[in-house]
2 protein chains.
Amino acid sequence: MYVTRKADYAIRCVLYMTKNTWRVTSVDEISNAMYVPKSFLAKILQRLMKAGIVSSTRGIKGGFQLAKDPKDINLLEVIEAIQGVSAANICAIDSRLCRLSGRCTVHPIWVKIREKVEKELKKENFEKLAKKSRI
Amino acid sequence: MYVTRKADYAIRCVLYMTKNTWRVTSVDEISNAMYVPKSFLAKILQRLMKAGIVSSTRGIKGGFQLAKDPKDINLLEVIEAIQGVSAANICAIDSRLCRLSGRCTVHPIWVKIREKVEKELKKENFEKLAKKSRI
DNA sequence: TTTAAACAGGACTATTTTAGTCTTGTTTTA
DNA sequence: TAAAACAAGACTAAAATAGTCCTGTTTAAA
């Protein structure tokens, strides 16, 4: 499980929107507030759209807003919206990717770690995060 | 925390050597047994050398053997010997790498996850792994 | 009705990392 | 002294990461 810059930006972005729930925020605004390159952020928001996490309004005065209640959005979901499923070791995602799997002693350990990490990430919803947030 | 092929091969390699403790094994032998490209494995073994996990004997009939008791070698140590320290998010390794850290709500979560993963990996020593192993 | 602000989406690019290979040299034992 | 084995650095191809850019389309407001 490695969190890319893209997913990290996505998290900041959802966090910002959580603090401005029900208000339409533009890419430009989020970009400036969260120190994320604008055109890169636009791509990220498109992915969050496809995942149903945000919704968009086009045209002047348009922008993005959360499509769900912040308490129903967790970290894992945002990360996976951006980079797909991931794990410490590819074999923990798809055992076919490892020619030793099935016979491999280490395999169950990767699976266990993946489960633990995903559990932690699922526990963290954005309502909770925003309460603690100072940015 | 992402485990590269290199670290994955290193683990297989240490596992093989654990099952042949006190015997000198050549790169060629391990390479064939563990399905790892020979010249790549040679590089990996050099790293394990520097980390003090294996020792080498040069010349004909030379090769590698574990430099420590398998029960004193854990997964984390082998992974870090190959790829250095890692975490789900770079900010969990060095908070200076994140311009929001200190103010970032998500930062403590990455740190917690890193700690949990490292704890799991430290628990797994090679004596234990070899007992379960069928390869 | 036109203009400008904003999203949509595809193509493109530079940099870094990953996963190796290759070559030349040194050691050691039979 | 030849061959088998490690040592170490240079090299390379492919993939992933981190963006940028450009050409559209939409829509509120002047």
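Note on naming: letters A, B, ... go to the chains in the order of the sequence lines (proteins, then strands), and numbering restarts at 1 for each one. Atom set for the values below is all heavy atoms of this structure, side chains included, hydrogens, waters and symmetry mates excluded.
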Item checked: Partner set under side-chain contact (heavy atoms from CB on, under 4.5 Å) for B:K123, not counting sequence neighbours -> A:K112, B:E120

Note to self: Going by the rule side-chain contact (heavy atoms from CB on, under 4.5 Å), which residues pair with A:S55 if we only count those two or more places apart in sequence or in a different chain?
What the structure shows: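 For A:S55 the side-chain contact (heavy atoms from CB on, under 4.5 Å) partners, ignoring immediate neighbours, are A:Q65, A:A67.
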
Next item on the list: Might you work through the side-chain contact (heavy atoms from CB on, under 4.5 Å) test for A:T18 and A:L129, ending with a clear yes or no?
Entry: CA-CA 9 Å; A:T18 297; A:L129 288 172; over 6 Å; no

Next item on the list: Output yes when B:K119 and B:E115 qualify as a salt bridge under the 4.0 Å nitrogen-oxygen rule, no when they do not.
Entry: no

Note to self: Between A:E77 and A:K68, does any side-chain N to carboxylate O distance fall below 4.0 Å?
What the structure shows: yes

Report, one pair per line, the protein and nucleotides 11-17 of chain D atoms (nitrogen or oxygen only) whose separation is under 3.5 Å.
none

Next item on the list: Name all residues meeting the side-chain hydrogen bond (donor to acceptor under 3.5 Å, both in side chains) criterion together with B:N20; count only those two or more places apart in sequence or in a different chain, and write none if there are none.
Entry: B:R23

Rounded to whole Å, how long is the line connecting atom [atom1] of [X] with atom [atom2] of [N]?
X     : N      : atom1 : atom2 : value
A:R12 : D:dA18 : CZ    : C1'   : 13 Å
B:D8  : C:dT18 : CG    : P     : 14 Å
B:R47 : D:dA7  : CZ    : P     : 15 Å

Notebook entry, point to check: Which parts of nucleotides 2-16 of chain C does protein reach within less than 4.0 Å, heavy atoms only, written one letter per nucleotide 5' to 3' as B for base, S for sugar-phosphate only and - for none?
Noted result: ---BSBBBB------

Notebook entry, point to check: At their closest point, which heavy atom of A:A88 faces which heavy atom of A:W110, and how far apart are they?
Noted result: CB-CE3, 4.4 Å

Notebook entry, point to check: What closest approach, in Å, do A:A10 and A:V78 show between heavy atoms, and which atom pair accounts for it?
Noted result: CB-CG1, 3.8 Å

Notebook entry, point to check: Are A:Y9 and D:dG19 close enough that a side-chain N or O sits under 4.0 Å from OP1 or OP2?
Noted result: yes

Next item on the list: Please determine, by modelled atom types, if B:E29 and B:Y16 share a side-chain donor-acceptor pair under 3.5 angstrom.
Entry: yes

Notebook entry, point to check: Have A:D72 and A:N125 got a donor and an acceptor in their side chains that come within less than 3.5 Å?
Noted result: no

Checklist line | Proximity to DNA chain C (any heavy atom under 4.0 Å), residues of residues 73-89 of chain A only | finding: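 When residues 73-89 of chain A is checked for heavy atoms under 4.0 Å from DNA chain C, there are no hits whatsoever.
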
